[in-house]
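Contents: one structure, followed by commentary.
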2 protein chains.
Amino acid sequence: MKLKAFLFVTAALGCVTTPGLAKPKAKPVAPVAAVAEAPEVTAARLRDEALQSNGAYDFVAQLTTRFGARPAGSESERKAAEWSAAELRKMGFENVRIDTFPLVIWQRGAESLEITGPFAQKMVVTALGGSGATPAEGIEGEAVLFETYAEFIDSKTDLAGKIVVILQPTVRTQTGQGYGVNSGSVRRSGPEEAKKRGAVGYVMRSLGTEDHRFAHTGATRFTGVDGLPALAMSPPDAEQFERLLKLQRAGEAGPLRLKMLSTPTVRTGGQSQNVIAEIKGSKRPEEIIAIGGHLDSWDLGTGAIDDGAGVAITMAAAKLIIDHKLRPERTVRVVFWGSEEVSQPGDLGLSGAMAYAKSSDKDKHIVAAESDFGADVIYSLALPKTDTPDFNKTLGKVLYPLSIFIERDPATGGGPDTSPLNAKGVPIFDLQQNGTDYFDVHHTADDTLDRIDPKKMSQNVAAWVATVWMIANTSVTFQPTNGK
Amino acid sequence: MKLKAFLFVTAALGCVTTPGLAKPKAKPVAPVAAVAEAPEVTAARLRDEALQSNGAYDFVAQLTTRFGARPAGSESERKAAEWSAAELRKMGFENVRIDTFPLVIWQRGAESLEITGPFAQKMVVTALGGSGATPAEGIEGEAVLFETYAEFIDSKTDLAGKIVVILQPTVRTQTGQGYGVNSGSVRRSGPEEAKKRGAVGYVMRSLGTEDHRFAHTGATRFTGVDGLPALAMSPPDAEQFERLLKLQRAGEAGPLRLKMLSTPTVRTGGQSQNVIAEIKGSKRPEEIIAIGGHLDSWDLGTGAIDDGAGVAITMAAAKLIIDHKLRPERTVRVVFWGSEEVSQPGDLGLSGAMAYAKSSDKDKHIVAAESDFGADVIYSLALPKTDTPDFNKTLGKVLYPLSIFIERDPATGGGPDTSPLNAKGVPIFDLQQNGTDYFDVHHTADDTLDRIDPKKMSQNVAAWVATVWMIANTSVTFQPTNGK
């Protein structure tokens with residue numbers, strides 16, 4: 001119901017311009033009497049302007065077209081960071097800088113999987129980031145098929161010399177919960193678990209919800225090339241295995257034999273970077289509101305929804321404030337985190353987020369938030385506990401025309417790039433996005449600009465700018481979110 | 001309107017069983033007094049039974065699961081033919097046989113395309129069947145981008161040493177017309193044309209209508225490995241090139257440099273085969289109605305919609321006649337043509353269809369038709385001119401509940417596998433299918449079982465069985481279709 005109401009509202013706007021590669025121009029606006037105007041009045045004005053703007057779409061179009069994939073630590077990621085910093089300066093952001101940090105780089109090699117018999121055929125697969133390598137000629141072994149991860153964990157089957165195949169699907173949800181329950185177990189822990197039991201290879205059904213034939217990569221616990229070779233196969237291939245399993249059970253075939261190839265390499269001494277830009281606060285510049293997304297992407301697509309969208313949405317929200325010649329009372333900071341996607345040796349990851357959370361001004365953050373769930377619409381806002389009565393109610397009125405409600409329960413945290421900040425006591429707010437279709441595309445070759453709907457993206461920017469302006473121009477203070 | 005009406009009708013049926021891999025069982029039916037019943041009464045009964053059956057879906061599930069891709073001349077195609085023949089015998093078809101014919105086999109090698117600068121990035125591509133090879137290390141050259149094929153043909157640009165890139169999209173239509181106008185020019189003639197002008201490589205936007213990142217293969221004029229290397233790129237990649245072209249035109253970059261790799265091989269002395277099965281006619285067995293699809297597929301997917309669907313639909317229609325213990329007055333013959341997808345040296349192709357059209361009993365064919373356009377619903381029937389007044393009207397009444405109308409104009413031909421028969425004077429009828437989404441998937445890795453909707457497929461079988469029964473049990477005779 002809420003979503004339908006929103007779609008009607010945006011459809012009624014009618015005049016959203018056709019998106020292209022033309023750089024967004026600051027529209028001429030009447031001077032705003034910021035001092036005389038209540039924050040919610042300005043927030044509503046910015047919100048409505050965002051709905052008629054394509055700033056985020058134009059930025060993600062530029063970013064994905066110019067740099068394609070931006071794997072963490074690559075030249076492409078570095079160039080994208082340099083270009084972004086230059087663009088942010090041109091837009092009028094202040095204190096633009098690039099902070100670098102070290103990175104171990106896992107790079108995909110050749111990869112393939114085929115059933116050699118019975119029912120010989122090739123499957124569509126991709127290696128998990130951080131996983132091990134086969135010899136150059138690949139490995140062969142008998143498949144042991146498990147319908148669920150729990151079945152694999154509970155199994156007493158001898159796996160010595162075998163290739164473990166997990167067929168568990170990902171449940172489609174609005175919140176991403178279906179992905180969450182699988183990413184830690186099936187993808188992160190699965191290969192190590194299989195190695196402990198003597199398996200020589202690990203193949204999982206991609207953590208994806210679609211029925212198109214894309215394999216979804218993603219990080220597993222970093223083992224380097226000495227770990228177990230681990231592949232994800234496309235959901236239709238996993239369903240093909242299910243049908244083959246039925247034929248086996250019907251006595252129409254013996255065990256399946258697989259040939260598996262994956263030849264990633266690892267090098268140390270790499271480097272990645274965060275891009276940071278600000279709109280300095282007019283009254284309380286030492287109070288920072290940090291918002292952003294991650295600039296790196298997986299190597300398969302062009303990182304449009306993951307997470308070109310997130311950097312573009314948060315940047316565009318802040319840019320609307322600049323374009324309207326407004327200055328917030330508190331400092332608004334936009335961060336393009338580097339290297340969100342990759343795992344690192346020693347059970348580490350999130351190098352960009354951790355480097356940022358160690359920064360000297362982390363104690364100045366009054367709140368932080370990230371956008372890393374695609375480009376669909378926002379449906380709710382979870383805020384940390386506050387000392388300011390009625391702040392939620394006032395912000396709720398500003399967001400209501402976007403079909404966004406304020407969650408009754410306080411926020412429990414955000415996503416990966418704000419989690420190290422959260423652990424250090426920085427409150428986190430969470431503009432929750434509709435992720436129903438997100439895992440159709442996420443971490444696949446299909447993550448390209450075409451997957452983004454500019455109108456939905458503009459609703460997203462509208463929510464961000466209204467929320468950020470309200471926080472920046474009231475005296476609201478939040479309590480720590482206490483992690484999740 | 002028609003389509004909506006149909007969807008309502010099938011939805012109302014409600015009880016269509018969940019498709020699986022269980023083999024279709026002949027349902028117990030009351031003995032049919034075939035002699036006492038008008039053909040249109042039996043046809044309507046068979047039609048309604050088809051709507052509640054999953055015979056075609058179950059067959060294509062078996063075929064694609066057991067054999068995966070079935071490239072022309074491969075072991076997989078041969079095994080699929082042997083299995084199909086055995087299944088057809090088990091079902092009660094008569095005179096089941098496999099006819100072999102020779103084939104030159106083009107086999108895909110490694111293939112890739114990347115922009116090396118500016119805007120370095122990898123593209124999603126696949127080689128065109130029958131096209132030439134690059135050296136093992138690939139070739140590099142400057143890209144010359146053409147927005148349309150006509151622009152390329154008219155261009156006076158010096159192409160010596162360059163890589164031609166054609167960005168022309170395929171128009172989405174119900175009939176496939178958008179594909180038709182491009183397949184002969186852009187895909188079939190393009191590479192030779194570019195070679196004549198001195199180009200070293202050819203890259204085209206896939207003949208596909210979707211926005212997912214699949215490259216669509218397909219045959220070009222056979223040149224063997226000595227011809228020009230020719231790749232198709234996914235539609236989103238072509239759109240990326242369009243955006244890069246805009247950046248060039250805006251003066252933000254110089255010419256694009258490409259690195260292209262394609263290492264196909266060719267071998268002579270291969271072999272392929274047609275599978276033929278009959279229900280012998282009770283009164284005029286020497287009058288043959290030939291229906292079928294092609295058993296081979298491209299190597300990327302599992303050939304579910306192209307053309308596992310076609311063999312399954314026509315087989316399932318004929319099988320309904322057997323399952324109901326009916327015998328048609330004329331002979332109904334099902335043909336699984338081999339090697340439809342490939343081009344051959346000397347401007348030849350359609351080896352299976354040509355071998356079939358040379359058969360000794362070709363003169364006995366009173367009509368032929370093929371199913372080779374996916375598994376969506378039938379919306380009209382084009383019939384050859386007939387000497388039997390009211391045949392069309394009677395058949396129209398039987399097809400009307402399926403939301404299928406009879407075309408006013410006589411059929412002008414069918415598809416590729418019946419065209420050699422047509423050229424020899426055999427009349428062709430054409431059950432026209434909704435192909436609006438067909439070219440989203442056709443010739444890609446995404447052509448798997450998941451793309452088929454069992455309910456739509458059953459409507460298709462219903463149309464076939466009703467039409468075939470009516471032709472087989474009336475004295476209608478058709479005039480030659482005179483090719484198209």
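In what follows, chains carry the letters A, B, and so on, assigned in the order in which the sequence lines appear, proteins first and then strands, with residues in each chain numbered from 1. Just the heavy atoms: all of them, side chains too, but no hydrogens, waters or symmetry mates, feed the values below.
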Check your understanding: Which residue, B:Asp446, B:Thr448, B:Thr444, B:Asp440, forms the side-chain hydrogen bond (donor to acceptor under 3.5 Å, both in side chains) with A:His212?
Key -> B:Asp446

Practice item. Please assess A:Thr65 against B:Lys246 for the test side chain to side chain contact (heavy atoms under 4.5 Å, CB included), listing each intermediate value before the final yes or no. Key: CA-CA 11 Å; A:Thr65 300; B:Lys246 275 190 195 170; over 6 Å; no

**Study point:** Residue B:Gln107 excluded, over 12 heavy atoms near CD under 6.0 Å
**Key:** no

Exercise for review: With salt bridge (Lys or Arg N to Asp or Glu O under 4.0 Å) as the test, would you mind laying out the steps for A:Lys122 and B:Asp299 before giving the verdict?
Suggested key: CA-CA 9 Å; A:Lys122 291 179 185 167; B:Asp299 52 344; over 6 Å; no

**Study point:** Minimum side-chain heavy-atom gap A:Glu239-B:Asp450 below 4.5 Å
**Key:** yes

**Study point:** Toward chain A, the part of B:Ser76 with a non-hydrogen atom under 4.5 Å
**Key:** neither

Exercise for review: Please answer whether the main-chain N or O of A:Gln62 pairs with a side-chain N or O of B:Arg243 as donor and acceptor at a distance below 3.5 Å.
Suggested key: no

Review point. Does A:Asp447 come within less than 4.0 Å of B:Arg213, counting only side-chain N to carboxylate O?
Key: no

**Study point:** B:Glu75, CD: over 12 other non-hydrogen atoms inside 6.0 angstrom
**Key:** no

Check your understanding: If only atom types and distance count, is the side chain of B:Arg66 paired as donor or acceptor with the main-chain N or O of A:Pro118 below 3.5 Å?
Key -> no

Review point. Near A:Glu140 CD, under 6.0 Å, is it more than 12 heavy atoms from other residues, nucleotides or ligands?
Key: yes

**Study point:** Region of B:Ile115 that comes under 4.5 Å of a non-hydrogen atom in chain A
**Key:** neither

Review point. Sub-3.5 Å donor-acceptor pair from the side chain of A:Gln121 to the main-chain atoms of B:Thr302, do we have one?
Key: no

Review point. Which answer fits B:Ala120, side chain, backbone, both or neither, if we ask what part of it has an atom under 4.5 Å from a heavy atom of chain A?
Key: backbone

